[in-house]
Amino acid sequence: MTVPELMARLAIPAQTITAIQNIPIPENHAELKDSFFRKTSLFDRFAEADPTGLTVLKLYLHWAFDTKSRYDALGIPEKYFWDSMQDLPIWCEDCLTRYGTPGFKEWGWVGCSLRLEIIRIGRLQYGPNQLSQDVTCGGKYFPADTPILDVHIPAGEALTPSAALASLQQAPDFYSKYFGKQFSLFHCHSWLLAPELKMLLPEQSRIIQFQNLFTVYRADNEERQAEERVFGFLSANPNDYPENTSLQKALKHHLLCGNEITMGAGIRTIG
């Protein structure tokens, strides 16, 4: 398979393909690839100096073949590779939507997929991690450093309860079979788990049904992720936000009343 064939298979936007066609591969390509997969600072410094991220994107498209080889060596079915690589077109489309021009800003996050640190299994993405703090939740105590499967929600098709649950049911066996790792706990830190959403949305909403799959033990305002995801941008003045959906209307009113929208951290036991 060639890079053009890979881009076609992934449905990289045509504008983005045109934009990267004349971008040269850096002369220190081999060093950058070694740094990327070993997670040393050379690659990060290079990526941070790439104003549009398009050179990094071109490198990622070449390095995806190394990622595919790692999937093959582990015996992981090809489907999971293609599903995980969907983060490439997702974040290309995000730049086009957000800025009106080709770009690739989320290179740090997408790099996790190329290094198999994040894998998509059905509707959700997962990454092995450890609890960063002691958690007492639902009458149970989980000490810091307990192994967990972090749960992430990629953009894309609707987040239905059935699709989320099917993914959660598959993930533990996947990591046991292909990585020899056992987990007893899912962990999710997302705006979708914000406690305030239960005041803004009906119980039957997909977001609330997803939230109910976890027990939320903490809320924080470290990021304004909810505003960015719901409205597509951040503003210091909530009056700037659109009201095209019921969630936008409810959240805008919530913010205009002087309230905040947090992020929630939640757990779900496995087995």
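When the side chain to side chain contact (heavy atoms under 4.5 Å, CB included) test is applied to Thr67, the partners found at least two apart in sequence or on another chain are Phe37, Tyr71, Phe81, Met85, Leu114, Leu116. For Ser113, there are no side-chain hydrogen bond (donor to acceptor under 3.5 Å, both in side chains) partners, not counting sequence neighbours. Judged as a side chain to side chain contact (heavy atoms under 4.5 Å, CB included), and not counting sequence neighbours, the contacts of Leu256 are Pro238, Asn239, Lys252. Among residues two or more places apart in sequence or in another chain, the side chain to side chain contact (heavy atoms under 4.5 Å, CB included) test is passed with Gln170 by Tyr80, Ile121, Ala166. Ser205 is linked by a side chain to side chain contact (heavy atoms under 4.5 Å, CB included) to Leu201, Pro202, Ile207, Ile208, counting only residues two or more places apart in sequence or in another chain.
Taking the charged nitrogens against the carboxylate oxygens, Lys177 and Asp173 have no contact shorter than 4.0 Å, which rules out a salt bridge.
Considering all non-hydrogen atoms of both residues, Pro195 and Thr262 come closest at CD-OG1, 3.5 Å. Considering all non-hydrogen atoms of both residues, Asp66 and His62 come closest at OD1-O, 4.0 Å. Of all the heavy atoms in Leu131 and Pro143, the pair that sits closest is CD1-O, 3.7 Å. Closest heavy-atom contact between Glu196 and Ile261: CB-CD1, 3.7 Å. Contact record, Gly266 with Leu193: N-CD1, 3.6 Å, taken as the closest heavy-atom pair. When all heavy atoms of Ser176 and Gln182 are compared, the closest pair comes out as OG-NE2, 2.9 Å.
Between the CD atom in Glu78 and the CG atom in Asp72 there is a gap of 7.0 Å [rounded to 0.5 Å]. The structure places CG of Leu54 at 10.0 Å from NZ of Lys58, a figure rounded to the nearest 0.5 Å. For the atom pair SG of Cys92 and CZ of Phe104, the computed distance is 6.0 Å after rounding to the nearest 0.5 Å. A distance of 7.0 Å separates CZ of Arg268 from CZ of Phe214, quoted to the nearest 0.5 Å. Taking CZ of Arg224 as the start and CE of Met263 as the end, the distance is 13.5 Å to the nearest 0.5 Å. Within the model, atoms NE2 of His152 and CG of Leu192 stand 12.5 Å from one another, a figure rounded to the nearest 0.5 Å.
A heavy-atom distance below 4.5 Å is found between the side chains of Phe231 and Pro242. Side chains of Ser190 and Phe210 form no contact here, defined as non-hydrogen atoms less than 4.5 Å apart. Inter-residue side-chain proximity for Leu149 and Leu185 is flagged as unmet; no heavy-atom pair is nearer than 4.5 Å. Using a 4.5 Å heavy-atom threshold, the side chains of Pro26 and Thr55 count as touching. Within the 4.5 Å cutoff, no side-chain heavy atoms of Thr101 are placed close to those of Leu96. No side-chain heavy atom of Arg120 sits less than 4.5 Å from a side-chain heavy atom of Ser167. Counting only heavy atoms from C-beta outward, the side chains of Val151 and Leu168 approach each other to under 4.5 Å. When side chains are defined from C-beta on, Thr40 does not count as touching Asp34, because their heavy atoms never get closer than 4.5 Å.
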For this session: Evaluate the criterion side-chain contact (heavy atoms from CB on, under 4.5 Å) for residue pair Lys33 and Arg38; output intermediate values, then yes/no.
Result: CA-CA 8 Å; Lys33 182 168 76 170; Arg38 290 175 55 215; over 6 Å; no

Exercise. Stepwise, does the side-chain contact (heavy atoms from CB on, under 4.5 Å) test hold for Asp134 with Tyr141?
Worked result: CA-CA 7 Å; Asp134 295 348; Tyr141 169 72; 3.2 Å; yes

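The aromatic rings of His187 and Tyr217 are tilted relative to each other, their planes meeting at an angle between 30° and 60°. Classification of the Phe174-Phe179 ring pair by plane angle, with boundaries at 30° and 60°, yields tilted. Ring planes of Phe186 and Tyr126: tilted class, angle from 30 to 60°.
In the hydrophobic cluster analysis, where Ile, Leu, Val, Met, Phe, Trp and Tyr join through side-chain heavy atoms closer than 4.5 angstrom, Phe142 is grouped apart from Ile270. Side-chain heavy atoms closer than 4.5 Å link hydrophobic residues (I, L, V, M, F, W, Y) into clusters, and following such links, even through other members, never connects Tyr99 to Trp107. Cluster annotation: Phe233 is connected to Leu251 through the hydrophobic network of ILVMFWY side chains, with a link wherever side-chain heavy atoms come within less than 4.5 Å. Val3 and Met1 fall within the same hydrophobic cluster, where Ile, Leu, Val, Met, Phe, Trp and Tyr residues are linked whenever their side-chain heavy atoms come under 4.5 Å apart, directly or through other members. By the rule that hydrophobic residues join a cluster once side-chain heavy atoms approach within less than 4.5 Å of another member, Phe46 and Leu57 end up as members of one cluster.
Between the side chains of His189 and Asp150, no donor-acceptor pair is found at a separation under 3.5 Å. A side-chain N or O of Lys198 and one of Asn212 form a donor-acceptor pair less than 3.5 Å apart. In summary, the side chains of Trp82 and Gln86 do not present any donor paired with an acceptor at a separation below 3.5 Å, with no hydrogens or angles considered. For the residue pair Tyr241 / Glu227, a side-chain donor-acceptor distance below 3.5 Å is found, with atom types taken as modelled. For the residue pair Asp87/Gln125, the side-chain donor-acceptor check at 3.5 Å is satisfied.
For His29, the NE2 atom counts as densely surrounded, since its 6.0 Å shell holds more than 12 non-hydrogen atoms of other residues, nucleotides or ligands. For Lys39, the NZ atom is loosely surrounded, since the number of other residues' heavy atoms within 6.0 Å does not exceed 12. In Glu157, the CD atom is crowded: over 12 heavy atoms of neighbouring residues, nucleotides or ligands sit closer than 6.0 Å.
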Got a list of side-chain donor-acceptor pairs under 3.5 Å for residues 5-23, not counting sequence neighbours?
| unit_1 | atom_1 | unit_2 | atom_2 | d |
| --- | --- | --- | --- | --- |
| Glu5 | OE1 | Thr2 | N | 2.9 |
| Glu5 | OE1 | Thr2 | OG1 | 3.4 |
| Thr18 | OG1 | Ala14 | O | 3.1 |

